[in-house]
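Input: a single structure, listed below in structure tokens.
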2 protein chains.
Amino acid sequence: MVVDQSLRDLSDAEIDRIFAALADATRRDILRQSMLHDQSVSELARNYAMSFAAVQKHVAVLERAQLVTKERRGREQIVHSNPAALRTAARLLDAYEALWRDRIHRIEAILDAETPQSGTDQGTQQ
Amino acid sequence: MVVDQSLRDLSDAEIDRIFAALADATRRDILRQSMLHDQSVSELARNYAMSFAAVQKHVAVLERAQLVTKERRGREQIVHSNPAALRTAARLLDAYEALWRDRIHRIEAILDAETPQSGTDQGTQQ
DNA sequence: CTAACCTACAACCAAATGGTTGTAGATCAG
DNA sequence: CTGATCTACAACCATTTGGTTGTAGGTTAG
């Protein structure tokens, strides 16, 4: 799958940017809003009790993390969400969870080796 | 499922802490190490080109995000990973992705309504 | 053209972050 | 007991972050 390859290509800095961008409730909401439907920066800004410039900065953070893209339309800048980056982050977390599952399996394997069954005993030390 | 409930219960601040904790390569590696097997803070610290105190702080960040827990064992503090918090984050990202899928479906529904079939042409203006 | 609107960006500020060093308390080994 | 080890925590520093206000330029409406 192509998804796996994109995971390999991710630099630490890129992953840093994605998670850092997600670590703010306002930005998560902006991302959510822009996933529901594309909106201009000023449309987005009206939803929040902060200045337009602050929202503009939040959008810039999401953009550097490639979670959204901007597209000029006349005097407006339309914010499009980019689900690919989001999916990348989700798959990365899945990979960490897989480590855990591997660990569980390793432990189970050890336990199996220590309690060799009832019949085929500890005779595999070659 | 219990997982869904835990998603509802998550405050913005808790989610902030989880993603912020993940937004640092050293912390992600500490998390990874502690998923492979439980280790003391000083064992973990030997892997990184920074002071023990710095690693201690990173572990504290992971702990506040509930991505790891610490357990005293004699003079050592053993770091255990907590896959539940990781899973929570992954499910949260899945929820965002679901928004996107809903949007696609909404658009498809609109397109279906506008092009009623291939046979019964543009005759639907009531 | 003029006014309103949308955006970009700089300058500034307070608070958080990521690192350091240093000090001190427990615990273990000999 | 003594010394080495593991941890906790404070103080400090540079940088980043999240907010503000202000200025300026491009675009649209009337």
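Sequence lines set the chain letters: A, B, ... in the order given, protein chains first and strands last, and positions in each chain run from 1.
The interatomic distance linking B:Q39 (CD) with D:dT7 (P) rounds to 11 Å, in whole Å. Atom CD in A:Q56 sits roughly 12 Å away from atom P in C:dA10 (whole-Å rounding). Between the P atom of D:dT28 and the CD atom of A:Q77 lies a distance of 13 Å, rounded to the nearest Å. Rounding to whole angstrom units, CD of residue A:E43 and P of C:dT7 are separated by 8 Å. If you take CZ of B:R17 and P of C:dA16, they are 13 Å apart, rounded to a whole angstrom. At whole-Å resolution of the value, CG in B:L62 and P in C:dT17 are 13 Å apart. With rounding to whole Å, B:I78 atom CD1 is found 12 Å from D:dT7 atom C1'. Whole-Å rounding puts the A:L44 CG to C:dA8 P distance at 12 Å.
Applying the side-chain hydrogen bond (donor to acceptor under 3.5 Å, both in side chains) rule to A:H37 yields no partners; only residues at least two apart in sequence or on another chain are considered.
Under a 4.0 Å N-O distance rule, the pair B:D38/A:R103 qualifies as a salt bridge. In summary, B:R91 and A:E97 engage in a salt bridge, as defined by a charged side-chain N under 4.0 Å from a carboxylate O.
In terms of position on DNA chain D, the residue among A:R75 and B:S40 whose nearest nucleotide sits closer to the 5' end is B:S40. The residue among B:R72 and A:S42 whose nearest nucleotide of DNA chain C lies closer to the 5′ end is A:S42. Two residues, B:R46 and A:E76, neighbour DNA chain D, and the one matched to the more 5' nucleotide by heavy-atom proximity is B:R46.
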Worksheet entry | Verdict with supporting geometry, B:I30 and B:Y48, side chain to side chain contact (heavy atoms under 4.5 Å, CB included) | CA-CA 9 Å; B:I30 291 175; B:Y48 308 102; 3.6 Å; yes
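In summary, of the residues considered (B:N82, B:L36, B:L67), a side chain to side chain contact (heavy atoms under 4.5 Å, CB included) with B:L31 occurs for B:L67 alone.
For B:R72, the CZ atom counts as densely surrounded, since its 6.0 Å shell holds more than 12 non-hydrogen atoms of other residues, nucleotides or ligands.
Looking at A:F19 and B:D24, their side chains never come closer than 4.5 Å, going by heavy atoms from C-beta outward.
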Listed pairs, N/O of protein and of nucleotides 18-22 of chain C, under 3.5 Å:
{"residue": "C:dG18", "atom": "OP1", "partner": "B:R27", "partner atom": "NH2", "Å": "3.3"}
{"residue": "C:dG18", "atom": "OP2", "partner": "B:R27", "partner atom": "NH1", "Å": "3.0"}
{"residue": "C:dG19", "atom": "OP2", "partner": "B:H58", "partner atom": "NE2", "Å": "2.1"}
{"residue": "C:dG19", "atom": "N7", "partner": "B:K57", "partner atom": "NZ", "Å": "3.1"}
{"residue": "C:dG19", "atom": "O6", "partner": "B:K57", "partner atom": "NZ", "Å": "2.2"}
{"residue": "C:dT20", "atom": "OP1", "partner": "B:S51", "partner atom": "N", "Å": "3.3"}
{"residue": "C:dT20", "atom": "OP2", "partner": "B:S51", "partner atom": "N", "Å": "2.9"}
{"residue": "C:dT20", "atom": "OP2", "partner": "B:S51", "partner atom": "OG", "Å": "2.6"}

